[in-house]
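What follows is one structure encoded as structure tokens, with my remarks underneath.
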Amino acid sequence: MMRGFGEFFHTATGHRPYAYQADLAKSGLPRSLRVPSGGGKTAAAVLAWLYRRLVSAVEETPRRLVYVLPQGRLADHTHARIAEWVYRLGCADEVDLHLLAGPESQNGTWRRHPERTAILVGTHDGLLSRALMRGFADARAMAPVSFGLLNTDAHWVFDEMHLLGPGLPTSVRLQSLRESLGTTAPTGSSWMSSTWDGDGDASHVAAVGDDAMGARLGAVRRVRRLHPAADPDGYVRDLVDALGSAHVPGTQTIAVLDSARRAREVYSALRTAHQGREIVLVQPYARSVDRRDRARDLEDAGLDRILVTTGALDVGCDVSSRTLFTELAPWSALVQRAGRCNRHGEHPDGGDLLWCVAPTAGRAGAGVARWLDAHEGEPVTTADLFHANVDHDTPSSQILDEHDVLAMFDNARGAAPTDASPWICADDDRTVFVAWRAWESGMPAEDEPEPARIEQCEAPLADVQGLLDGGAWLRGPADGRWRRAQADDLRAGSVVLVDSARGGHLPGVGWAPESTTPVPSLFTGRGIAAFQCVAWVSLDRHLLETEEEARALTAVLSGLTEGQREAVARAARFHDLGKCHGVFQAMLRDGGGGDPPDHLLAKSKAPWNNGVSARPYFRHELVSALILLHGGQWHTPCVDPSLVTYLVAAHHGQVRVSVRPEAAETVEAAPTLLGVRDGDRTPPVTVFPGDHFPAQSLDTEVFRPGGAWTPRALALRDRGDLGPFRLAYLESLVRVADWRSSARHDGPTPEPAPGPAPEAAPEPKS
């Protein structure tokens with residue numbers, strides 16, 4: 001074990017910690033941290049938290065660190081730096097590290113292992129939307145798990161708080177609601193900035209007089225304004241000429257454009273004008289392979305090249321240049337960009353900070369322009385930038401209120417509000433995820449699988465709307481089938497399939513909607529399902545094994561009361577009672593795999609056949625809850641039966657607060673709700689030892705709009721000893737126990753032959 005934080009930090013980074021970094025390891029992460037650009041904020045926050053979590057304050061430190069960069073920044077680079085630190089420390093087996101940069105597998109390991117130490121890295125749009133149960137990249141059924149885990153036993157770190165837009169007041173308000181409504185385990189937040197506003201509210205500020213920081217604080221860059229033509233074509237031409245003249249051979253020049261389209265135009269023009277020089281484009285809108293290549297390009301700043309970028313490098317990237325150009329930007333972004341000019345003081349004669357006003361710039365940033373004009377031709381140090389008193393342009397935003405969070409706790413289709421975007425990002429900043437496929441028919445097959453992460457490219461929503469006439473497809477929210485996308489269908493985080501022949505992405509460039517060059521598809525086919533049930537598992541056995549997993553899990557988690565632990569265990573014991581229904585039993589037994597045993601089953605050895613049952617939309621957890629509500633003697637002292645029943649109903653994220661019939665069910669002859677018909681009969685079920693549920697006739701009235709279920713669920717959500725954050729966390733634990741018990745019987749098995757698409761995308765193996 002390392003003797004102290006100094007050795008810990010040096011092992012990770014190769015450097016000794018600054019005094020303030022060592023202070024954070026001793027006292028914990030503060031609410032507010034102001035550090036000059038290049039002063040090591042990322043290392044300070046991550047390594048101080050990690051040292052406390054692994055070495056000095058294990059029980060006091062939340063299990064998860066959520067490291068948040070502003071939207072549009074290159075989270076891959078920050079993720080790679082943290083991965084290197086974890087590797088050097090030799091703690092990769094103890095620390096799970098995840099990049100949450102788009103749609104992910106439903107059973108991602110960070111959700112499967114809430115007891116493990118984990119670092120989650122992403123941008124504020126993806127992470128804050130998950131924390132509001134409206135994850136831009138989350139499947140609807142997974143939203144309660146993300147909500148439960150991100151709002152409990154976690155510490156959020158927001159890098160460059162002034163670049164979060166509407167996300168800044170939302171992040172502050174969300175932390176306040178955690179404190180007032182309560183969480184099972186402590187969850188905190190820290191906001192970091194490279195500017196000191198003189199407002200006196202920071203609970204910790206780096207000592208700018210630290211001798212060890214002297215070279216960085218005294219690093220000089222000279223300010224010079226450019227005056228390119230105002231028309232778009234002339235602007236790009238003049239900018240390319242100015243960059244070519246300002247570039248110093250043997251050094252790196254960085255050009256930052258605030259428009260992705262302008263960045264592509266400048267990049268293309270530079271490649272034409274300077275064919276013998278290396279020109280690199282770095283933007284966040286690219287497929288993961290391209291983003292990783294660009295992240296590797298950033299590792300060597302000693303190259304003779306011009307690097308063109310958007311604001312992707314503003315935060316989290318320790319990259320430097322001899323010459324840096326930026327379009328006029330908000331003060332926090334300007335300071336960060338200036339901090340990437342002669343960042344380490346490696347150019348003794350100083351660097352050049354060039355700037356101009358873009359043709360499309362509005363009136364915002366007038367205060368920044370005045371400060372830059374006032375320092376025209378002057379040498380400006382990092383300390384000067386840190387202490388400058390320049391107002392931040394704070395955009396107006398919708399204020400998140402308690403009733404908004406409570407309303408979003410209901411994730412049922414059609415529940416309002418359905419869109420968290422107004423609390424997170426401006427309309428122009430909303431993005432979707434695009435993947436390219438090649439089809440002989442020109443359209444996806446009915447059983448077309450979801451695109452893997454390697455296929456996906458984040459792209460501005462407005463840009464994607466321009467591709468819709470060329471063949472773009474997304475899944476219908478009700479039936480899960482691919483259908484042609486319409487402009488009104490697109491929401492932040494939507495996943496869209498585009499015909500490869502349409503174009504829209506270029507190697508070395510990334511997202512390029514103006515390109516009609518066919519895009520190579522990265523789809524490799526269905527392949528082999530990594531894990532699938534390979535045994536006939538009885539219902540009784542699965543229920544008992546899930547209870548075992550729940551008790552083992554809750555035993556190692558802090559903050560739970562004995563009543564909550566027991567409620568999770570009992571819910572795990574009863575969660576799949578509804579699988580006794582004849583519709584579900586028939587689905588498990590149909591499809592081969594040999595002769596199934598006669599007893600009630602929970603898991604099938606036969607191919608899953610996409611989870612299609614004889615009843616569209618059939619939800620066995622609805623049956624489980626009905627059995628608990630209307631049959632059997634199962635109540636246990638110290639266990640709240642209403643909480644247990646809710647956790648049982650919610651264990652797939654589909655039957656929670658409000659329950660609505662699908663449109664097709666409103667024309668059924670018999671009243672039907674999520675595939676369950678009034679009058680359906682279930683057989684008697686005994687869960688060894690001692691819990692017996694007699695045969696019964698089902699009546700869904702309690703779950704229908706106007707029934708008693710929704711008021712009961714809302715009463716739990718609003719109860720003082722629960723609240724939304726605790727309740728969702730308990731939901732998550734039941735689901736984790738279910739996943740783990742299912743995994744006991746999994747093995748490598750080929751996927752079933754393609755069949756009809758499911759009526760609603762099922763959660764696998766549970």
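Values below: every heavy atom of this structure, side chains too, minus hydrogens, waters and symmetry copies.
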### Query
Parallel, tilted or perpendicular for Phe618 and Phe584, by the 30°/60° rule?
tilted

### Query
Is the shortest side-chain N to carboxylate O distance from Arg112 to Asp96 below 4.0 Å?
no

### Task
Measure the spacing between OG of Ser521 and CG of Asp499 and express it to the nearest 0.5 Å.
10.0 Å

### Message
Let me confirm one number: the OG1-CG distance from Thr184 to Leu727, rounded to the nearest 0.5 Å.
### Response
9.5 Å

Between the main-chain N or O of [Y] and the side-chain N or O of [X], is there a donor-acceptor pair closer than 3.5 Å?
X      : Y      : value
Arg437 : Phe523 : no
Arg491 : Asp488 : yes
Arg660 : Pro705 : no
Trp436 : Glu455 : no

#### Entry: Donor on one side chain, acceptor on other, Thr682 and His581, under 3.5 Å
no

### Query
So, do Met443 and Trp482 sit near enough that their side-chain heavy atoms are less than 4.5 Å apart?
no

### Query
In this structure, which one of Glu450, Arg483, Glu448 forms a side-chain contact (heavy atoms from CB on, under 4.5 Å) with Arg475?
Glu450

#### Entry: Arg570 and Asp691: CA distance, side-chain angles, deciding distance, salt bridge (charged side-chain N to carboxylate O under 4.0 Å, His left out) verdict
CA-CA 11 Å; Arg570 298 294 283 180; Asp691 290 306; 3.3 Å; yes

### Query
Please walk me through it: do Arg619 and Glu665 pass salt bridge (charged side-chain N to carboxylate O under 4.0 Å, His left out)?
CA-CA 13 Å; Arg619 300 307 313 180; Glu665 294 181 319; over 6 Å; no

### Message
Tell me whether the NZ or CZ atom of Arg717 lies within the 45° cone about the ring axis of Tyr646 and under 6.0 Å from its centre.
### Response
no

### Task
Using the salt bridge (charged side-chain N to carboxylate O under 4.0 Å, His left out) rule, pick out the option among Arg744, Arg573, Arg551 that qualifies with Glu545.
Arg744

### Query
Do His542 and His745 have ring centres separated by under 6.0 Å?
no

### Query
Stepwise, does the salt bridge (charged side-chain N to carboxylate O under 4.0 Å, His left out) test hold for Asp640 with Arg719?
CA-CA 12 Å; Asp640 180 352; Arg719 221 169 69 185; 2.5 Å; yes

